[in-house]
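Taking it in order: structure first as structure tokens, then the write-up.
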2 protein chains.
Amino acid sequence: MVTIRDVATAADVAVSTASRALNNNPRISQKSRDRIQLIAKDMGYRVNSNAKNLSLGESNVVGVIFPVTKVGNQENTFHIDMMRGVNKELAPRKYVMSVAMGQTDTELLSNVQAMVLEAQIHRFILLYSKKNDMVTQFLSTQNDVRYVVIGEPVDSGTQFYVNNDNVLAGFDATKFLERTYNSKHILFIKSNKNWNFEIQREHGFNHAIDELKIKRESSNLGLRHGNDNSDRLISYIKAHSNVDGVVAADDMIGFTFFNFWEKTFNKDIPVIVFNNNQLFSRMGNNNFHCVDLYPDKLGQEAAKLVFSDDTRGYIVVPHKVR
Amino acid sequence: MVTIRDVATAADVAVSTASRALNNNPRISQKSRDRIQLIAKDMGYRVNSNAKNLSLGESNVVGVIFPVTKVGNQENTFHIDMMRGVNKELAPRKYVMSVAMGQTDTELLSNVQAMVLEAQIHRFILLYSKKNDMVTQFLSTQNDVRYVVIGEPVDSGTQFYVNNDNVLAGFDATKFLERTYNSKHILFIKSNKNWNFEIQREHGFNHAIDELKIKRESSNLGLRHGNDNSDRLISYIKAHSNVDGVVAADDMIGFTFFNFWEKTFNKDIPVIVFNNNQLFSRMGNNNFHCVDLYPDKLGQEAAKLVFSDDTRGYIVVPHKVR
DNA sequence: CTGTTAGCGCATTCAT
DNA sequence: ATGAATGCGCTAACAG
């Protein structure tokens with residue numbers, strides 16, 4: 001392994017000079033910097049991050065925190081896309097990405113604690129937003145750690161958020177149905193999880209309904225994720241046969257609804273869901289629409305924010321109906 | 001920050017003794033170990049991984065390498081489940097997980113190189129298997145790095161694999177259709193990506209067809225992921241109206257086919273796909289089946305292997321038709 | 001603009 | 001069974 005000492009010797013300078021040159025410190029003349037960097041490159045020099053991190057008291061790592069979810073959860077797709085966005089910002093900064101997961105809240109917290117207290121990680125991105133979250137609370141008490149939350153602002157202790165405008169997204173989705181299909185009896189459905197983003201989308205839906213002065217259908221269908229709700233869903237659909245458009249807060253639920261409707265009445269119903277995912281481009285059905293929330297952009301903006309010098313920030317990533 | 005020196009002082013022993021005690025070194029009496037560990041715990045001592053790693057010349061990190069894929073790729077779900085499996089094995093070993101991604105082969109390789117040469121990571125898990133892969137080739141040349149590949153063995157330089165038996169999975173899937181639906185004209189469809197695992201499943205399919213002495217339908221339908229193949233698919237379906245069962249090498253393709261068939265002929269066709277994903281438990285359709293490949297188990301076994309003392313290993317994770 | 005030196009926290013060799 | 005001393009590779013304070 002070639003160390004900075006070897007580089008210094010080869011360049012006939014002191015280690016500190018080599019160190020500064022390699023870190024582009026302006027205290028070293030541009031000429032020397034170029035020369036030393038070239039020598040280092042020729043020798044195949046690579047920093048030892050452990051040594052560097054130890055010396056700096058901080059790791060070149062961004063901790064990416066996943067929500068506590070089960071195997072097979074479909075939301076997962078969204079999360080990977082966010083990671084991809086984060087990843088884009090890391091390489092130029094010489095940072096890497098570590099992941100914290102857990103099967104329970106405590107397990108997750110414990111992983112995050114190790115990241116802060118043992119691995120000296122000071123930058124985190126949470127791929128979820130949750131009220132009274134143990135992880136968020138822990139991070140907010142730690143000095144010198146900066147964390148960015150992707151999702152609805154729910155916690156006054158958190159200074160950095162990246163989010164879509166879910167109210168506007170719900171509004172746009174609803175207007176889209178009315179404009180495109182002339183729908184007058186639009187139904188809003190959501191999961192029974194009480195996610196904040198679903199509530200926001202419903203608010204947007206309500207605003208649009210009011211503005212358009214059309215009929216709002218009852219929306220208290222709480223489909224349970226991952227269970228078989230066939231009977232319940234079918235009877236629900238039959239009781240709402242007058243509906244001519246559906247805004248689904250959750251893409252999988254919208255998809256399920258769409259399929260059952262088609263099966264029950266043997267015809268399509270216009271459905272619009274949120275989140276983009278390749279599934280929909282392969283449906284091959286023109287009545288199935290999607291508000292693309294650009295998860296990769298969410299991740300990318302979060303990464304930018306976690307490196308910015310600001311003391312607070314709230315980035316809104318635009319969506320697109322299609 | 002409380003360091004090992006503080007612990008040593010508090011316990012009235014030398015730093016070296018404290019270090020050994022905290023690492024459960026048998027050279028320290030059990031009594032001293034217990035006493036020192038208790039003191040450390042009371043003081044809230046935490047190892048500094050950077051210091052430890054620097055000293056040992058190796059990081060307590062497992063690098064998890066993603067294939068080069070685009071945003072919105074549905075395979076993503078499978079990958080996250082594998083990560084979850086890996087994660088299970090890490091905490092007890094005091095290891096953490098870093099992720100390498102890239103938009104191109106070279107970008108990915110560059111990230112992995114940084115992990116080995118800069119971050120001193122010696123253990124890797126590849127979430128994909130690919131012939132002539134730059135990353136695999138790089139890793140195989142590095143001393144003291146151990147990597148486990150999840151997928152079909154394709155590279156003689158790789159000593160550790162974890163995989164499903166995809167031939168058997170294809171065989172079982174086909175037999176399942178015949179047994180359950182008495183299908184006699186079974187179609188096998190795959191993507192146009194030439195993935196090794198798809199070819200294996202097709203072999204299994206062929207074996208089953210031969211053994212059952214039933215009709216094998218032509219299977220050269222190369223659906224392109226993420227594109228609109230509606231016209232092509234519909235004409236293909238119409239040309240194969242005698243088919244009474246489908247084995248789809250790729251879950252999304254199977255799903256697409258299922259939907260189009262239903263739309264075209266206004267009735268279901270039995271379909272069986274691979275990979276588990278919550279989607280299918282919500283289809284609410286009894287004709288849609290899945291061979292569960294247990295991605296989380298794949299990840300978990302890979303993690304075990306990357307920590308084992310063996311010099312080579314090939315683990316097969318069983319599947320289950322349902 | 002550059003060099004000397006100390007120190008980050010820990011593991012380990014060598015001594016006792 | 002335990003302690004003292006050295007070094008891992010790098011940065012930064014201080015000195016010139």
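The chains referred to below are lettered A, B, ... by the order of the sequence lines, with proteins before strands, and numbering in each begins at 1.
- Outside the 6.0 Å centre-distance limit, the rings of A/Phe160 and A/Tyr314 are not counted as a close aromatic pair.
- Of the residues in residues 14-26 of chain B, B/Ser16, B/Ser19, B/Arg20, B/Asn23 come within less than 4.0 Å of DNA chain C through at least one heavy atom, sorted by number.
- Each of D/dT11, C/dT2, C/dC10 was ranked by its minimum atom distance to the side chain of A/Leu56; first place goes to D/dT11.
- Rounded to a whole Å, the CG atom of A/Asn50 is 15 Å from the P atom of C/dG9.
- Nearest to the side-chain atoms of B/Met1 among the listed nucleotides C/dG9, C/dC1, D/dC10 stands C/dG9.
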Problem set entry | Criterion salt bridge (charged side-chain N to carboxylate O under 4.0 Å, His left out) on A/Glu301 and A/Lys297, from CA distance to verdict | CA-CA 6 Å; A/Glu301 292 301 326; A/Lys297 284 284 172 222; 6.0 Å; no

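- Rounded to a whole Å, the CZ atom of B/Arg27 is 15 Å from the P atom of C/dT16.
- Here C/dC1 presents its P atom at 13 Å from CG of A/Asp34, a figure rounded to the nearest Å.
- Out of D/dT2, D/dG9, C/dC1, the shortest distance to the side chain of A/Ala51 is found at D/dG9.
- Counting heavy atoms of neighbouring residues, nucleotides and ligands inside a 6.0 Å radius, atom CG of A/Asp310 exceeds 12 of them.
- The residue A/Leu54 sits close to a base: some heavy atom pair falls under 4.0 Å.
- The phosphate of C/dT2 (OP1 or OP2) has a side-chain N or O of A/Ser32 nearer than 4.0 angstrom.
- The shortest side-chain heavy-atom distance between A/Asp296 and A/Lys88 falls under the 4.5 Å cut-off.
- Here the nucleotide nearest the side chain of B/Ser55, chosen from D/dC8, C/dT2, D/dG9, is D/dC8.
- Side chain of A/Arg123 to backbone of A/Val306: a donor-acceptor contact under 3.5 angstrom is found.
- Each of C/dT2, D/dG3, C/dG9 was ranked by its minimum atom distance to the side chain of B/Asn48; first place goes to C/dG9.
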Problem set entry | Chi angles and distances behind the side-chain contact (heavy atoms from CB on, under 4.5 Å) call for A/Asn87, A/Met97 | CA-CA 7 Å; A/Asn87 186 252; A/Met97 186 165 43; 3.8 Å; yes

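- Distance, B/Lys52 NZ to D/dG7 C1': 17 Å, rounded to whole Å.
- When the P atom of C/dT12 is taken as reference, atom CZ of B/Arg5 falls 16 Å away, rounded to whole Å.
- As a whole-Å value, the separation of B/Ile36 CD1 from D/dA1 P is 13 Å.
- Separating the CZ atom of B/Arg33 from the C1' atom of D/dT2 is a distance of 14 Å, rounded to the nearest angstrom.
- A/Arg46 comes within 4.0 angstrom of sugar-phosphate atoms only, judged by non-hydrogen atoms across all strands, and of no base.
- Salt bridge absent: B/Lys52 and A/Glu118 never bring a charged side-chain N and a carboxylate O closer than 4.0 Å.
- Summarising the geometry, the separation between CZ on B/Arg35 and P on D/dA1 is reported as 15 Å, rounded to the nearest angstrom.
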